[in-house]
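Following: one structure in structure tokens, then a few remarks.
Along the sequence shown, residues are numbered consecutively beginning with 1. Just follow the structure's listing: the first ligand is 1, and inside any ligand the first atom is 1. The shown structure was predicted, so the numbers you read here are calculated from the model rather than taken from an experiment.
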Amino acid sequence: MITPEKDCRLCGLCEGRTNIVLPDGDPGSRVVFVGEGPGENEDLQGRPFVGKSGKILEDAMAEAGFGRSQVLITNTVKCRPPGNRDPRPEEMEACRPFLVSELEGRALVVGLGKSAVRDLMGFDGKMAEVTNRVTEIDIGCTRVNFLPTYHPAATIYNRDARAALKDAMRIVKEYL
Ligand code: URA
């Protein structure tokens, strides 16, 4: 895996960040989770999915019988977008070489939410149309299995989405 320089200035997100948020978990895992981008807690701690979304994700994993230390967790961009806005295409593009190096050769890539699904799968429709259907995507010069599912934050007030996220974790377990 390649990582950004400590003082990375490849895109404008460097202006507002406290910490670059690098992948967390098992670097050799067969499975990698890709979120949208760091939020406030992640920016402060320099670790992905440590806030409310992280708790939801960890609970769903635990229910399926695995933990975050068994997978790799990363984001499409490694620095927090101001006010938690969606990452812009040029910001994702600047961070892409790092992401590609994190995803190449995995048995399964899990896209958490619309931004990751749009970026990795090129799908910009309703999440319900693709959720939990494993498909193949191109990553660098390779093809990998891709599981699009809901972002944990999207499941806070949506029971069906929460149930779908839990189903997704059961699919993930089969790949571990
Ligand atoms: N939401 C994300 O998409 N990524 C994080 O790391 C935290 C919250």
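Note: no N/O pair closer than 3.5 Å links G39 and ligand 1 by distance alone.
Looking at E36 and R80, no side-chain N of the basic residue comes within less than 4.0 Å of a carboxylate O on the acidic one, giving no salt bridge. A salt bridge links D119 with R96: at least one charged nitrogen is closer than 4.0 Å to a carboxylate oxygen.
Side-chain contact check for V110 versus T149: some heavy-atom pair is nearer than 4.5 Å.
At a 4.0 Å cut-off, not a single heavy atom of R47 sits close enough to ligand 1 to count as contact.
Of the listed residues (G35, A153, G37), the one carrying the non-hydrogen atom nearest atom 2 (C) of ligand 1 is G37. Nearest residue to atom 6 (O) of ligand 1 from N75, V21, V77 is N75 (criterion: closest heavy atom).
Shortest non-hydrogen contact noted between D24 and R68 is OD2-NH2, 2.8 Å. Between L22 and P48, the shortest heavy-atom distance links the atoms O-CD, 3.3 Å.
For E42, every heavy-atom contact with ligand 1 shorter than 4.0 Å involves the side chain, none the backbone.
Hydrophobic clustering (ILVMFWY, side-chain heavy atoms < 4.5 Å, transitive): V117 and V172 are in distinct clusters.
Ranking protein heavy atoms by distance to atom 1 (N) of ligand 1, first place goes to H151 NE2, 3.2 Å.
In summary, the atoms of ligand 1 found under 4.0 Å from a heavy atom of P48, numbered by their order in the structure, are 6 (O).
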